[in-house]
Number of protein chains: 2
Amino acid sequence: MTARKPTLHDVAAAAGVSIAAASFALRDKAGVSPETRDRVLAAARRLNYIANVPARSLRTARYGAVGLYLPPGSTRLPYYTEFAFGVVDAADRHGLSVILLPHRDADDPAPTTAFVDGYVVVDATAADAGIRAILDTGRPVVSAEHVLGGEGRIAASVVYDHDAALRALLEHLTRRGATRIAAVLPPDGTAWSRELTATYDAWIAERGGIPISRTISFIPTADEVDAAVGDILATERVDALIVGPSGSAAPALDAAHRAGRQVGSDLLLAAYVDEPMHGLLAPAVTSFDLVAREVGAACLEAFVSLDDAGTVTDPVQVMLPRLIVRASTAGR
Amino acid sequence: MTARKPTLHDVAAAAGVSIAAASFALRDKAGVSPETRDRVLAAARRLNYIANVPARSLRTARYGAVGLYLPPGSTRLPYYTEFAFGVVDAADRHGLSVILLPHRDADDPAPTTAFVDGYVVVDATAADAGIRAILDTGRPVVSAEHVLGGEGRIAASVVYDHDAALRALLEHLTRRGATRIAAVLPPDGTAWSRELTATYDAWIAERGGIPISRTISFIPTADEVDAAVGDILATERVDALIVGPSGSAAPALDAAHRAGRQVGSDLLLAAYVDEPMHGLLAPAVTSFDLVAREVGAACLEAFVSLDDAGTVTDPVQVMLPRLIVRASTAGR
DNA sequence: CGCGGCAGTACCGGATGTTAT
DNA sequence: AATAACATCCGGTACTGCCGC
């Protein structure tokens with residue numbers, strides 16, 4: 001047993017045709033008669049034939065693989081795992097493999113990148129040496145969210161409409177009775193934080209209000225959140241609060257409780273980025289489902305729709321976060 | 001420009017030797033003189049030569065890649081992302097690529113798996129069709145935690161000593177003044193939950209106590225945790241509580257507060273699996289750092305140390321979770 | 001005559017251009 | 001004008017054998 005894996009030779013022999021004919025039939029290219037094609041296909045199925053990918057790559061210089069680069073550092077966020085499997089599942093449907101790329105140090109001895117047809121990156125910035133190396137390969141790159149500093153070098157992107165989302169959230173809070181909405185925002189440095197800050201300020205200004213906001217770290221500590229929220233509640237008369245950075249819902253909730261506020265009734269609280277635990281808090285916290293899986297899948301679909309020149313008709317696709325309303329914004 | 005990628009031919013020509021000699025020199029195999037070897041290496045470096053992986057694979061039937069299979073469903077847990085990058089970074093050091101494998105449905109039309117030299121799986125069970133397909137390839141498989149139902153088909157494993165860890169935690173609670181320790185445990189179905197349950201019962205029995213435990217889901221809802229914790233606190237006189245399933249710390253904390261307990265002083269609370277948010281809760285919750293990254297790296301190292309027969313001298317490596325003591329187990 | 005060092009060359013498994021039918 | 005057989009090539013690896021000492 002242990003019969004060697006069947007090759008194109010074997011299939012051709014079994015079907016009684018030449019290798020070339022078999023090759024054509026299997027990729028159903030023109031040039032073989034329907035009967036021959038069927039015979040070949042039948043033989044292939046019977047033998048459990050699978051094309052040898054490396055052999056094909058050798059000739060075609062295509063590898064059937066895409067490199068996936070997740071941001072270094074913040075990989076703990078569940079968002080990225082979901083995103084990754086969105087990419088993987090979509091790739092699977094197209095017969096592509098996903099290679100998870102390592103985070104290299106700035107000094108790049110090795111060429112960073114292997115044999116892939118292109119890359120998918122997410123929340124990237126050209127300040128990252130890994131991203132620069134990827135851009136320098138010249139192979140097509142698809143990004144989730146815009147790549148700061150990578151303008152014009154990205155073949156396609158899938159981005160969120162944070163402006164529309166945040167406005168929808170602000171309207172939601174207003175409908176639930178909020179009149180003075182404060183925000184705890186992430187620091188400048190990503191496309192996301194810029195859009196969030198700009199939208200918040202604009203929305204407040206449009207209504208003649210005054211913005212009440214504090215800025216904390218991208219991945220904040222409990223103390224940071226506590227301090228920011230505590231400060232807002234102590235110095236301003238607010239009835240709703242939006243917290244941006246991932247992981248800040250729990251400490252914000254806690255700070256609000258310690259300030260004697262009833263979250264969900266006399267203080268509405270919403271987080272921007274949904275996390276599994278938001279449903280487990282008391283009260284459960286309203287936030288945006290960023291549909292990470294769909295975004296990952298959309299990135300890969302954009303990749304496969306690139307033509308050989310690496311261009312596409314619609315280079316930027318927009319996704320809308322989905323608001324999950326929970327008890328923390330129930331209103332009185 | 002766009003000079004075609006240099007091949008072994010080019011390197012050989014530049015060094016003035018035959019292709020075969022160049023090939024040998026680059027893999028420093030015996031049979032070439034040191035001077036020749038150096039000339040070849042110099043030429044290769046000068047030309048920025050990189051071996052064409054698919055071409056090599058064609059001849060050697062080795063692919064320089066490992067497939068990584070993460071558990072379906074529970075991929076939201078940050079643990080797995082960390083684990084994955086432990087594998088990826090270690091693979092990078094060995095010049096290997098990591099292919100993130102898709103979760104296929106039970107009906108397996110395609111052969112699930114591409115051209116890889118072996119697999120790394122984590123928290124796997126043979127009940128999973130994807131795992132079965134992987135085992136059936138006959139290629140070496142390294143697992144983190146034992147594979148339920150995969151006994152004897154795993155080339156190497158990296159497992160936690162949950163027994164020692166849980167005992168250490170129980171001792172810790174005891175030192176901090178606990179006398180009656182209850183546990184909220186995961187359901188049977190993984191090696192982890194079995195070990196946890198057995199150890200808890202044994203430890204209590206050794207001290208002549210009576211176990212106080214409840215079982216909830218692997219990925220519980222807030223209500224489940226609330227109910228279990230509330231029930232324990234209402235019916236038993238306990239002064240410490242250990243919660244197993246990931247994500248249950250926050251709701252447990254909440255339930256304890258609602259029961260009028262002071263967590264950290266009159267009730268000690270510890271979670272088993274550490275999560276980033278544990279440090280953000282009030283009080284911060286003691287739990288085990290499962291050193292996911294190291295475990296991932298250890299799996300890959302075990303993989304590369306397999307000989308060609310797919311066996312290794314020490315097939316099971318044991319890791320010890322690291323207790324992170326926080327305010328929730330401060331004691332009075 | 002044995003041996004180290006290297007060149008020559010037959011593959012690995014498919015894709016594709018060219019030539020017969 | 002369609003099909004199919006034949007010959008090459010993709011970039012390496014590994015085996016054989018020649019060469020000179």
Side-chain angles (χ1 to χ4, degrees), chain A residues 2-44 47-65 95 97 111 114-117 308, chain B residues 2-44 47-65 95 97 111 114-117 308:
Chain A
T2 308
R4 184 171 78 358
K5 270 220 298 213
T7 74
L8 189 55
H9 272 85
D10 304 328
V11 175
V17 300
S18 75
I19 298 174
S23 175
F24 272 55
L26 286 169
R27 290 174 296 141
D28 67 319
K29 284 192 50 165
V32 280
S33 61
E35 315 86 71
T36 307
R37 204 181 64 89
D38 291 345
R39 277 223 315 291
V40 171
L41 261 44
L47 297 177
N48 278 318
Y49 170 75
I50 322 167
N52 183 311
V53 176
R56 167 183 293 148
S57 302
L58 189 53
R59 180 68 197 200
T60 60
R62 296 192 43 88
Y63 307 100
S97 300
F115 291 81
V116 295
D117 299 326
D308 293 316
Chain B
T2 309
R4 184 171 78 357
K5 269 218 299 211
T7 74
L8 188 55
H9 272 86
D10 304 328
V11 174
V17 299
S18 76
I19 298 175
S23 176
F24 272 54
L26 286 168
R27 290 175 293 145
D28 67 320
K29 285 194 47 166
V32 279
S33 63
E35 314 86 69
T36 306
R37 206 181 62 89
D38 291 346
R39 276 220 317 289
V40 172
L41 260 45
L47 297 177
N48 278 319
Y49 170 76
I50 322 168
N52 183 310
V53 176
R56 168 180 296 154
S57 302
L58 188 53
R59 182 65 196 191
T60 61
R62 296 191 42 89
Y63 307 100
S97 299
F115 291 82
V116 296
D117 299 325
D308 293 316

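If you're wondering where the values come from, they're calculated on a predicted model, not measured in any experiment. Every chain is numbered from 1 and lettered A, B, ... according to where its sequence line falls, protein lines coming before strand lines.
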- Any chance you could list the contact pattern along nucleotides 14-21 of chain C? Use B for base contacts, S for sugar-phosphate-only contacts and - for none, protein heavy atoms under 4.0 Å, 5' to 3'. BBB-----
Taking [atom1] from [X] and [atom2] from [N], how many angstroms apart are they, rounded to a whole number?
{"X": "K5(B)", "N": "dG11(D)", "atom1": "NZ", "atom2": "P", "result": "10 Å"}
{"X": "R39(A)", "N": "dT3(D)", "atom1": "CZ", "atom2": "P", "result": "14 Å"}
{"X": "L47(B)", "N": "dG11(D)", "atom1": "CG", "atom2": "C1'", "result": "15 Å"}
{"X": "R37(B)", "N": "dG5(C)", "atom1": "CZ", "atom2": "P", "result": "13 Å"}
{"X": "D10(B)", "N": "dC10(D)", "atom1": "CG", "atom2": "C1'", "result": "13 Å"}

Within-4.5 Å side-chain heavy-atom neighbours: [X] and [Y]:
{"X": "L26(A)", "Y": "Y49(A)", "answer": "yes"}
{"X": "Y63(B)", "Y": "V116(B)", "answer": "no"}
{"X": "S57(B)", "Y": "F115(B)", "answer": "no"}

- Message: With a 4.0 Å limit, can you tell me whether T36(B) has a side-chain N or O closer than that to the phosphate oxygens OP1/OP2 of dC6(C)?
- Response: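 Checking dC6(C) against T36(B), a side-chain N or O does come within under 4.0 Å of OP1 or OP2.
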- Hey, is the side chain of S33(A) poking within less than 4.0 Å of OP1 or OP2 on dA4(D), counting only N and O atoms?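 Checking S33(A) against dA4(D): at least one side-chain N or O falls below 4.0 Å of OP1 or OP2.
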- Might you point out which heavy atoms bring V32(B) and A25(B) nearest each other, and give the distance in Å?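 Where V32(B) meets A25(B) most closely, the heavy atoms are CG2-CA, 4.1 Å.
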- Task: Name the residue closer to the 5' end of DNA chain C, choosing between G16(B) and L58(B) according to the nucleotide with the nearest heavy atom.
- Result: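 This one resolves to G16(B).
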- Message: Test of understanding: with side chain to side chain contact (heavy atoms under 4.5 Å, CB included), list the residues that count as partners of A55(A), not counting sequence neighbours.
- Response: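 Once residues adjacent in sequence are excluded, the partners of A55(A) under the side chain to side chain contact (heavy atoms under 4.5 Å, CB included) criterion are N52(A), L58(B).
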- Message: So does T7(A) get a backbone contact from the side chain of D10(A), meaning a donor-acceptor N/O pair under 3.5 Å?
- Response: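 Judged by distance alone, yes, a pair lies under 3.5 Å.
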